[in-house]
Amino acid sequence: DPLGITAQPFETITRKENNKLRRTYARIEQIISEYDVTEIVVGYPKNMDDTIGERAKACEEFAAALGSMPKICPHFHLSLQSGCNETLKRMNRRYTAEEYLKGCEILRKHFENPALTTDVIVGFPGETEEDFQETLDVVRKVRYDSAFTFIYSKRTGTPAAVLEEQVPEEIVKDRFDRLLKEVQSISAEVCSVHTKTVQRVLVESVNDHDDSLVTGRMSNNLLVHFPGEKDLVGKLVDVRLDTCKGFYYLGEMVASIRV
């Protein structure tokens, strides 16, 4: 059966520990050569302690190494949280919006049309309208395939719970609605480009809502629902994508099973 691999993200990468990346690349290549691997999910190094230049260099090496390997699905989930540097500092995030955008640029350099997804929080304590507009600016620049959007929720015992300038609920709700509208509009445009094309799909399961359909994923992580039997699960098939529904497609299988 096809095999998927998940590599957990590193907690810390320093100049002396960059060989961790190289060992990971070597291990991935070894697994690919030994098994019938159809998908690999690799966590991006986080909380790196080097300078901005060194972090950019590590990111470039990371993307270049993955881009040279076979069977890598070009889907990257890069958690943004906020596009405002001041908000990121208050969140204790150790990157800037500029570094984040550079990382997206590097991935697009080494992968053809990579799928980028993210998480965004609105209403974090101290967030102003200007801060929120900076988040929208990053969303428009990156043009995510999809995004998980959240309203900040005050939780007792967390550092953020005691921060001053808690944002009024009605303002947070308004910002959330505007962000969601922007994300959905961009996603519909980005994802619809595959309409009427034939794409390889890994079948994952019988559809939860209609057992005459099966559900699979394209290499960019988009869901596809199409007529099929249970014995297709775990197989790779070619599917014509007839209708885009925003975050998923409806289609028809058009070719024999790829093992």
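Looking at R178 and Q133, their side chains come closer than 4.5 Å, going by heavy atoms from C-beta outward. Two residues are said to be in side-chain contact when any heavy atoms from C-beta on lie closer than 4.5 Å; E189 and I186 fail this criterion. Counting only heavy atoms from C-beta outward, the side chains of Y144 and L78 never approach each other to under 4.5 Å. You'll find the side chain of S212 stays beyond 4.5 Å of the side chain of P227, heavy atoms only. Within the 4.5 Å cutoff, the side chain of R143 has no heavy atoms near those of the L116 side chain. In this structure the side chain of V183 reaches within 4.5 angstrom of the side chain of V139, judged on heavy atoms. Counting only heavy atoms from C-beta outward, the side chains of L241 and V239 approach each other to under 4.5 Å. Side-chain contact between L213 and V206 is absent, with no heavy atoms from C-beta onward closer than 4.5 Å.
At most 12 heavy atoms of other shown residues, nucleotides or ligands fall within 6.0 angstrom of atom CZ in F148. At most 12 heavy atoms of other shown residues, nucleotides or ligands fall within 6.0 angstrom of atom CD in E165.
Sequence neighbours left out, the pairs with a member in residues 100-122 that pass ring-ring contact (aromatic ring centres under 6.0 Å, His included) are F76-F111. The salt bridge (Lys or Arg N to Asp or Glu O under 4.0 Å) contacts involving residues 105-126 comprise E60-K109, K102-E105, where partners must be two or more places apart or lie in separate chains. Screening residues 166-193 for ring-ring contact (aromatic ring centres under 6.0 Å, His included), with sequence neighbours left out, gives no hits. The stretch residues 244-254 participates, sequence neighbours left out, in no salt bridge (Lys or Arg N to Asp or Glu O under 4.0 Å) pair at all. Among residues at least two apart or in separate chains, ring-ring contact (aromatic ring centres under 6.0 Å, His included) pairs with a member in residues 210-232 are H225-Y248.
Expressed to the nearest 0.5 Å, how far OG1 of T215 lies from CG of N207 amounts to 4.0 Å. For the atom pair H77 NE2 and T118 OG1, the distance stands at 5.5 Å (nearest 0.5 Å). Atom CD1 of I121 is separated from atom CE of M91 by 4.5 Å, given to the nearest 0.5 angstrom. Here the SG-CG distance, from C191 to L223, works out to 10.5 Å after rounding to the nearest 0.5 Å. With values rounded to the nearest 0.5 angstrom, H194 atom NE2 is found 8.5 Å from C244 atom SG.
With sequence neighbours left out, K89 forms a side chain to side chain donor-acceptor pair (under 3.5 Å) with no residue at all. Applying the side-chain contact (heavy atoms from CB on, under 4.5 Å) rule to E134 yields the partners C84, E130; only residues at least two apart in sequence or on another chain are considered. The salt bridge (Lys or Arg N to Asp or Glu O under 4.0 Å) test applied to D210 returns no partner, not counting sequence neighbours. Among residues two or more places apart in sequence or in another chain, the side-chain contact (heavy atoms from CB on, under 4.5 Å) test is passed with E229 by D231. With sequence neighbours excluded, the residues satisfying side-chain contact (heavy atoms from CB on, under 4.5 Å) with V172 are V122, I151, V167. Residues that satisfy the side chain to side chain donor-acceptor pair (under 3.5 Å) test with S192, not counting sequence neighbours, are absent from this structure.
Here the closest heavy-atom approach between residue T195 and residue D242 is recorded as CG2-O, 3.6 Å. Across G83 and T135, no two heavy atoms sit closer than the pair N-OG1, 2.9 Å. Nearest heavy-atom pair, P125 versus Q166, reported as atom, atom and distance to 0.1 Å: CG-NE2, 3.4 Å. The minimum heavy-atom distance linking A63 with L107 is given by the pair CB-CD2, 4.0 Å.
Under the 3.5 Å distance criterion, the side-chain polar atoms of T96 are left unmatched by any main-chain donor or acceptor of N85. A donor-acceptor pair under 3.5 Å is absent between the side-chain atoms of R217 and the main chain of E204, judged by distance alone. Side-chain atoms of E127 come within 3.5 Å of backbone N or O of G123 as a donor-acceptor pair. Side chain of Y249 to main chain of R240: no donor-acceptor pair is present (N/O by atom type, distance under 3.5 Å, no hydrogens or angles). In this structure, T149 contributes its side chain and V120 its backbone to no donor-acceptor pair below 3.5 Å. Proximity of a side-chain donor or acceptor of S187 to a complementary backbone N or O of D145 within less than 3.5 Å is detected.
Under the 4.5 Å side-chain heavy-atom criterion for grouping Ile, Leu, Val, Met, Phe, Trp and Tyr, M253 is not connected to L250 through any hydrophobic cluster. Under the 4.5 Å side-chain contact rule for hydrophobic residues, L80 and F247 do not share a cluster.
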side-chain contact (heavy atoms from CB on, under 4.5 Å) between N221 and T117, intermediate numbers included: CA-CA 10 Å; N221 207 45; T117 58; 5.7 Å; no
Evaluation steps, side-chain contact (heavy atoms from CB on, under 4.5 Å), between E129 and I171: CA-CA 9 Å; E129 177 61 24; I171 293 178; 5.7 Å; no
Evaluate the criterion salt bridge (Lys or Arg N to Asp or Glu O under 4.0 Å) for residue pair D137 and K141; output intermediate values, then yes/no. CA-CA 6 Å; D137 183 57; K141 286 177 178 176; 3.1 Å; yes
side-chain contact (heavy atoms from CB on, under 4.5 Å) evaluation trace for V237 with V203: CA-CA 8 Å; V237 300; V203 183; 4.0 Å; yes
Could you walk me through whether L88 and Y95 satisfy the side-chain contact (heavy atoms from CB on, under 4.5 Å) test, starting with their C-alpha distance in whole Å, then the side-chain angles of each, then the deciding distance to 0.1 Å, before giving a yes or no? CA-CA 7 Å; L88 289 172; Y95 56 87; 3.8 Å; yes
Run the salt bridge (Lys or Arg N to Asp or Glu O under 4.0 Å) check on E99 and R93 step by step: do they pass? CA-CA 12 Å; E99 286 181 275; R93 300 285 168 175; over 6 Å; no
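Through direct or relayed side-chain contacts under 4.5 Å between Ile, Leu, Val, Met, Phe, Trp and Tyr, V193 connects to no other residue.
By the 4.0 Å N-to-carboxylate-O rule, K173 lies close enough to D177 to be salt-bridged with it.
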